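The structure under discussion appears below in the form of structure tokens.
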Amino acid sequence: QVQLVESGGGSVQTGGSLRLSCAASGHSSRRDYMGWFRQAPGKEREGVAAITSTSSYQYYTDSVKGRFSISLDNDKMTLYLQMNNLQPEDSAVYYCAAGNWGLGTTILGQSAYNTWGQGTQVTVSS
């Protein structure tokens with residue numbers, strides 16, 4: 001079983017940057033891909049970005065393309081999300097997650113993941 005712990009959240013002003021980290025422990029071979037999700041108050045949790053375990057493919061939701069970058073360091077067993085040009089609408093709790101092929105129908109959908117971290121808060125002020 002993989003355990004995930006996020007860090008790096010905080011408060012920034014519009015246009016600022018943050019880098020989120022997600023440290024994974026446990027059996028790394030049991031995950032085919034990892035992703036970042038976010039949930040703002042009163043809204044559904046949405047997929048932000050995902051990456052395959054070999055880093056061959058990355059996926060982004062439209063609203064973050066060109067601003068966010070997902071990466072995976074398998075040696076450190078750490079997932080990253082570099083967030084640039086942050087906007088107030090990016091404010092949310094950000095979660096990392098791990099999943100295996102065969103779950104869900106889209107890699108940016110919650111049902112594709114079976115392991116979740118506890119979340120880290122990101123607040124962007126105007």
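Just so we're clear, the structure is a prediction, and the values are computed from it rather than from any experiment.
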Please examine the side chains of Leu86 and Phe68, heavy atoms only from C-beta on, and report whether any two atoms are closer than 4.5 Å.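 A side-chain contact under 4.5 Å exists here.
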
### Task
Indicate yes or no: at least one non-hydrogen side-chain atom of Met34 is less than 4.5 angstrom from one of Leu72.
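Result yes, sub-4.5 Å side-chain heavy-atom pair found.
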
If you compare all heavy atoms of [X] against all heavy atoms of [Y], which two are closest, and at what distance to 0.1 Å?
{"X": "Ala49", "Y": "Tyr60", "result": "CB-CD2, 3.6 Å"}
{"X": "Cys96", "Y": "Leu79", "result": "CB-CD2, 4.1 Å"}
{"X": "Gly99", "Y": "Tyr113", "result": "N-CD2, 3.7 Å"}
{"X": "Ile70", "Y": "Gly35", "result": "CD1-CA, 4.4 Å"}
{"X": "Ala92", "Y": "Ala40", "result": "CB-N, 3.8 Å"}

Main chain of [Y], side chain of [X]: is a donor-acceptor contact present, judged purely on distance under 3.5 Å?
{"X": "Thr123", "Y": "Ser91", "answer": "no"}
{"X": "Ser21", "Y": "Gly8", "answer": "no"}
{"X": "Gln87", "Y": "Asn85", "answer": "yes"}

Inset, instruction - Treat each ILVMFWY residue as a node, draw an edge where side-chain heavy atoms are under 4.5 Å apart, and state whether Val12 and Val122 are in one component. - result: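 Yes; Val122 is reachable from Val12 via cluster members.
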
Starting from Val48, can I reach Met83 by hopping between I/L/V/M/F/W/Y residues whose side chains sit under 4.5 Å apart?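 Yes; Val48 is reachable from Met83 via cluster members.
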
Test of understanding: with side chain to side chain donor-acceptor pair (under 3.5 Å), list the residues that count as partners of Asp62, not counting sequence neighbours.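 Here the qualifying residues are Lys65.
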
> Do the side-chain N and O atoms of Ser56 and Thr54 include a donor-acceptor pair separated by under 3.5 angstrom?
Replying inline: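 Result is yes, a qualifying pair exists.
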
Exercise for the section: Check Tyr80, Trp36, Tyr95 against Leu20 for a side-chain contact (heavy atoms from CB on, under 4.5 Å) and give me the one that passes. Expected result: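 With Leu20 as partner, Tyr80, Trp36, Tyr95 yield a single side-chain contact (heavy atoms from CB on, under 4.5 Å), made by Trp36.
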
Euclidean distance, [Y] [atom2] relative to [X] [atom1], rounded to 0.5 Å:
{"X": "Cys22", "Y": "Leu81", "atom1": "SG", "atom2": "CG", "answer": "10.5 Å"}
{"X": "Phe37", "Y": "Leu108", "atom1": "CZ", "atom2": "CG", "answer": "6.5 Å"}
{"X": "Ile107", "Y": "Thr52", "atom1": "CD1", "atom2": "OG1", "answer": "7.0 Å"}

Where at least one partner belongs to residues 88-109, residue pairs that pass salt bridge (charged side-chain N to carboxylate O under 4.0 Å, His left out), sequence neighbours excluded |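 Applying salt bridge (charged side-chain N to carboxylate O under 4.0 Å, His left out) to every pair that reaches into residues 88-109, excluding sequence neighbours, yields Arg38-Asp90, Arg67-Asp90.
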
_Within residues 3-19 or reaching into it, pairs that qualify as side chain to side chain donor-acceptor pair (under 3.5 Å) - sequence neighbours excluded_ =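 Every side chain to side chain donor-acceptor pair (under 3.5 Å) pair that includes a residue of residues 3-19, provided the two are not neighbours, is Gln3-Ser25, Ser17-Asn84.
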
| task | Assign the ring pair Trp101 / Tyr33 to parallel, tilted or perpendicular, where the plane angle (0 to 90°) is split at 30° and 60°. | result |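 Plane angle between 30° and 60°, so tilted.
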
